[in-house]
Amino acid sequence: MSTQLLLALSPVLVVVFGGAALMIVEVLARKPAPAGQPLKDPLVDEGTSSEIALGTAITLLAGAVVALGVWMYGPENLPEAKSLAPYFVIDRFTLFFSFVMCFGGALAALLAGGYLPEHRIDRGEFYPLLTFSLVGAIVLAGAADLLSLFLGLETMSLGVYCLTGFRRGSARSTEAAVKYFLLGSFAAAITVYGGALLYGATGHTDLEGIRAAVKTLASQSSDPAMKSRVAIVIIGMVLLVAGIAFKISAVPFHMWTPDAYEGAPTPATSFMAVSVKAAAFAMLLRVLIGGFGDPASMSWSAGWPPVVAGLAILTMTVANFVAGRQESVKRMLAYSSVAHAGYLLVGVASTVRSSADGQGSVLFYLLTYTFSTAGAFGALVLCGSRGKEAVSYEDLAGIGKRHPAAAAAFSLFLLSLAGVPPTAGFFGKLYIVKASLGAGLNVLSVLLLLNSVVAAYYYLRVLVYMYMKEPAAGAPLAVPMKSGYVTAAVILAAAAVLYVGLWPGSSLEMALRAALS
Amino acid sequence: MSVSTVFLAFAAFLVGAFVPQSKSTKQRVGLGLVAAAAVALIAGLWPDPNDAKTLAKAVDTSGEWRYQLTSLIFVPILGSIAVLFLPRQGLTTMRYFAYGVMGLTFVVSLYMLKTPMTQGWHFVHTKTWIPGLGIRYHVAADGISLWLILLTTFITPIAAFASFGSIKTRVKELCFAFLFLEGTMIGAFVALDLFLFYVFFEAMLVPMYLMIGIWGGAEKIKAAIKFFLYTMFGSMLMLAAIVYLVWTHQKITGEYTFDYLALSRVQLPTAPKFFFNLLNPQAICFWAFSIAFFIKVPMWPVHTWLPDAHVQAPTGGSVILAAVMLKFGTYGYMRFSMGLFPYAAADYAPHVAGIAILGGIVWAALVAWKQDDVKKLIAYSSVAHLGYIMLGLFGATPAGMQGAVLQMVNHGISTGALFLLVGVIYDRKHTRLVKDYGGIAKVMPVYTTLFLIATFASVGVPGTNGFVGEFMVIMGTYGAVDLGNFAGFHAVGAAFGVILAAVYMLSVVQKVFFGKLDPKNRDLTDISPRETLALAPLVVMIFVIGFFPSIFLSRMEPSVRLLQSQYRVVAESQKNRDASPSTPPVTEAMLLPERFFSPAFFAGAPTWPEPEPEAPAAAATAKAASVPAASATAAARPATRGSASAAASTSLAPPSSGSVSASGSAATTASVSASAVASSAPSASARASAQPAASAPRGRPPRPPHPRPAPAPGGGQNP
């Protein structure tokens, strides 16, 4: 392996080897059960894995930093890395996503370091599962071939299924995992079927080949012999988009999301909402821009744009209105992440006429969304402790008075999600609006903005409970936990939210440069 | 400071210190200082007719401290962050810290009075913020924002002082909210970058939301959420319009900018003229901005958040809300809706003026009359008073707009005083219902006097501030061109509103203070020294503005005139164009010629390097138009440029020039431009046609940095 290739692959390699090493460390560090002691409750796991959490976080942050380093060096200066194409393309797009997903994963690992011991589900497996799932996500972001794309998708998903069911003692967690697994496998099957049809119609599995073939097909579509092949391509495209829509949890493929998000341990939820969603959007952009970027597929009359726009409208509107009716904060955040997928789809739809701007808006929004969502889940973790987890709105009543710092952090992230300046979320939203107005999608952008007013209602509701209500007499109080890891994650995310909100210039420029051509 | 000023201030100190009965020494000294400071302020600001030197050098803004506004914004914001790190137990520390920061801000803002506010921008401070999108930190003040800044820095300490008297819980959050509010409010008054304005406009919602929601009344949560969502709904529409405007500017010139000054030159298409003219981009953007501001004002029918918010908010919150926050609606309409979309604003002015009178002035007055909660009554009276301000802006005459700006300050002072006064009895009895009181003048004589003064100011009795503002607005409305044939009716309706104001305010005064004293209220104590201290500056200002309005009007006049004349020039050039059947409708956005604007207007506007020679035709418009009537230089230009400018100038030209648009000769172009000037500025037409040679040499060299205007023949004065 040449140096160039090593350098190009270094973000993945750091994560892979770091994860493997940590797995070994975890096994060696495990304490044998003391002899002669009574067998403890099998559902209580009291490991010592919180150091592993720190190791994982450092590994993943190292992955993010290395991705940044390769970005600075410039992937175009590494011509040998092209030998892996199309199975794994190392371009700025991949590096940007590696950075975002590693950062999200590191925050999730830090949260887990505090959350798992607190809730007595402390088993070392959590971290390798997370790390290797993240490897799948990076592969997914770099895959420009349907084969490696599927490989990455499954690697990522398998880890996440396990993370969802990580709370063995909880029926809810198990149910969520089963639900997620069944629906996820079904969606994967649909994706594979779509890919198979495309291969049949075009003879290619690499996206570039598919794009070229579709272009030729479209030019010959008047030929009756080609008509059936065009139909197959369209069916394949629809199936592929449906499979991906499941992963990004766009309405009406979102049914699993609230259950899985609610049942999973909160750090895993954060990971799903952040890194997994980012990977799914990377896949969507790769497939739509890379595979179906020809003028015919990108037209409003016969291509994917109306589908994406329709999904966007449905996703934003349904998710926001349903989120407003939730009684559990975690479930509300789950629906809110669905709604944010809708906003992102508006950005995807606007790639049709202003490709770089539209993609840049999606990428930048994912960055801001990563910080705000991971932070919001972190703050939620911080607000509860063993047996007294903060789940419903009532649990948060009066936190603003008793624990002002936790409440202030939570408010910051919620305001960022609601898009109130000067937070990162506001600028992300602004840029999506800018891109979609530039693409002429006036109605979509106005709908997006009106939707964020609806969204503000349920984000503000949390603030209402935290600052303006007192817990009912005799109600169980949520007691904030004390954990350096969780605090560190929240501070990290808060700093990022404020930094990107006040000085978005450089990260925005990066997002724009990362766009696929 | 002259000897006479010191003497006057000393006299006022003696009056303040010795007139009140049965007060302690500390309070006497406090009252005396307030009186002395007020007199010194008036005396110091009195325009000196002999001092022509200050006026002469006033155009030169280089001597101004450029961090003036920045420090006004960020001293309170940084202070609010610092409060968070003070110990929670140290109530006194936190309070005095907040007073200190607010006092410092007030003193710094007073320093601005030393500058005579001439036309254009003062204290300009710009800094690149997000270069990729052309977003800059750009703050500047003119005669309009000057008074609103002073109002903010003046009212906020008073509101905080009153709040600290009655609110004892969660003082830390209260200090944070007040300081953060002050900073963001000042920021929104001085921001000239639309992005920056939007940031401040939204960010100020959060502390106000907390203020209503934490220290509010029984229905506080509903009121707080309603307040937030209403405003956010409006500002989201505005955000879409801002981005649309930025895109349009980018399409024409190839440059991104969020700068208000640069975007003022963008003329959005007014073309599809069906369905009440509502479906053209200019109208849509105008409404997107205006709905945001109308909600904030609030105007009927989007006013329903206001009574809730006012009634539920604590006294200090109500004062800030009424005195300053509502002004963002009127200020925003004046600065942004009228500044960016003059044609649409003029087009809709008669209709919205009708809404302001019927829905605002008359209807809100009738509703106020029926209220049995005093605070709700004052809230509805706010809706009515802001109707006057909006009417003055819709009329768009110099007198009306000056009256409107003055009325913004007046309303802040008199309504702020009324809310403070209601807070006084609410603290004693915990009820605001009219029927729980009656005849309390017998037990609270001083309180009654102060309440009557504030009432008179609110009603507009001559000698108080309300009279000046309302009188000017009604005067201005009567002669308003924009309101068409109905201007007279508008003026009559507005005058009728003054009578209604007297009806509802005086009836509540009668019911609360006079008549038979309820035995339950026999032990009410009169207003305390602390409360008097909070009210004294407001009462003083009521009379200061009432008797010496020229102090205020003289500072704002140049700015208001500039804004008004630019508005008229642009709106009328469009109207003339519309009136002619021969010119095609405007379906493409374009840049307005620089001559429509005064040079002072563009101080601090962004500049860009020279574009490529093969710039789009629209970019050439700016260049061509900046050389009006430049016959000699135009003849020497290449033929291509000549024809481009021919097309460009005819697009804005009056009907008479439509016939010559086919000709590509440079000489014709010049004459077309000349007649365009004439039509757009009727008052200056004689000058423009009589002296074409005089204006010719003033044409700029071929490529000025983008918005560097030529002297505006019609931009200066307009009747």
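To find a chain, count down the sequence lines: A is the first, B the second, and so on, and within it residues start at 1.
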Q: Under 4.5 Å from any heavy atom of chain A, what part of B:V206 do you find: side chain, backbone, both or neither?
A: side chain
Q: Looking only at heavy atoms, which two atoms of A:A456 and B:M232 are closest? And how far apart?
A: CB-SD, 3.4 Å
Q: Just how far is it from atom CG of A:L460 to atom CD1 of B:I221, taken to the nearest 0.5 Å?
A: 11.5 Å
Q: Given the options A:S506, A:P421, A:S445, which has more heavy-atom pairs under 4.5 Å with chain B than any of the others?
A: A:P421
Q: For B:K222, does the NZ atom sit with more than 12 other heavy atoms under 6.0 Å from it, leaving out its own atoms?
A: no
Q: Quick one: what part of B:Y198 sits under 4.5 Å from any heavy atom of chain A, side chain, backbone, both or neither?
A: both
Q: Between atom CG of A:L450 and atom CG of B:L237, what is the distance when rounded to the nearest 0.5 Å?
A: 6.0 Å
Q: Decide side chain to side chain contact (heavy atoms under 4.5 Å, CB included) for A:N442 and B:I284; before the verdict, give the C-alpha distance in whole Å, the side-chain angles of both, and the deciding distance to 0.1 Å.
A: CA-CA 12 Å; A:N442 299 345; B:I284 293 174; over 6 Å; no
Q: Under 3.5 Å, side chain of B:W129 to main-chain N/O of A:L502, donor-acceptor pair present?
A: yes
Q: Check B:R170 against A:G400 and note the closest heavy-atom contact, atom names and distance.
A: NH2-C, 3.9 Å
Q: With the side chain counted from C-beta on, respond yes when A:P422 and B:E202 share a heavy-atom pair under 4.5 Å apart, and no when they do not.
A: no
Q: Between B:I135 and A:F427, what is the shortest heavy-atom contact and its length?
A: CD1-CE1, 4.0 Å
Q: Using a cut-off of under 4.5 Å on heavy-atom pairs, state which of A:F426, A:Y431, A:W503 scores highest against chain B.
A: A:F426
Q: Given heavy-atom pairs under 4.5 angstrom as the criterion, report whether the side chain, backbone, both or neither of A:S436 touches chain B.
A: neither
Q: What part of A:L512 gets closer than 4.5 Å to chain B, counting heavy atoms only: side chain, backbone, both or neither?
A: neither
Q: Under 4.5 Å from any heavy atom of chain A, what part of B:Q250 do you find: side chain, backbone, both or neither?
A: neither
Q: With a 4.5 angstrom heavy-atom cut-off, could you sort out which part of B:F176 is near chain A: side chain, backbone, both or neither?
A: neither
Q: Kindly state whether the ring of A:Y467 and the ring of B:Y209 have centres lying under 6.0 angstrom apart.
A: no
Q: Could you measure the distance from the NZ atom of A:K401 to the NZ atom of B:K172? Nearest 0.5 Å is fine.
A: 14.0 Å
Q: What distance do B:I212 atom CD1 and A:M468 atom CE have between them, rounded to the nearest 0.5 Å?
A: 8.5 Å
Q: If every non-hydrogen atom of B:I130 is compared with every non-hydrogen atom of A:G505, which pair is closest and at what distance?
A: CG2-CA, 3.9 Å
Q: So, taking the atom named CD1 in B:I242 and the one named NZ in A:K434, what distance separates them when rounded to the nearest 0.5 Å?
A: 14.5 Å
Q: Please indicate whether B:Y137 has more than 12 foreign heavy atoms, meaning atoms of other residues, nucleotides or ligands, lying under 6.0 Å from its OH.
A: yes
Q: Count the heavy atoms of every other residue, nucleotide or ligand shown that sit under 6.0 Å from NZ of B:K168, and state whether that count exceeds 12.
A: yes
Q: Between B:F228 and A:Y459 (judged by ring centroids, cut-off 6.0 Å), do the two rings come close enough to count as a pair?
A: no
Q: Quick check on A:E509: does its CD atom have over 12 non-hydrogen neighbours (other residues, nucleotides or ligands) under 6.0 Å away?
A: no
Q: Quick one: CH2 on B:W247 to CG on A:D357, what's the gap to the nearest 0.5 Å?
A: 5.0 Å
Q: Of the non-hydrogen atoms in B:F258 and A:L430, which two are nearest, and what is the gap between them?
A: CZ-CD2, 4.5 Å
Q: What residue, out of B:A240, B:G132, B:A224, B:P131, has the most heavy-atom pairs lying under 4.5 Å from chain A?
A: B:A240
Q: Sort B:L205 into side chain, backbone, both or neither according to what part of it lies under 4.5 angstrom from a heavy atom of chain A.
A: neither
Q: What part of A:L437 gets within 4.5 angstrom of chain B, counting heavy atoms only: side chain, backbone, both, or neither?
A: both
Q: With a 4.5 angstrom heavy-atom cut-off, could you sort out which part of B:L229 is near chain A: side chain, backbone, both or neither?
A: both
Q: Quick check on B:L84 against chain A: is it the side chain, the backbone, both or neither that has a heavy atom closer than 4.5 Å?
A: neither
Q: For A:V453 and B:M236, which heavy atoms make the closest approach, and how far apart are they?
A: CG2-CG, 3.6 Å
Q: Hey, which of B:Y244, B:W215, B:F195 has the most heavy atom pairs under 4.5 Å with chain A?
A: B:F195
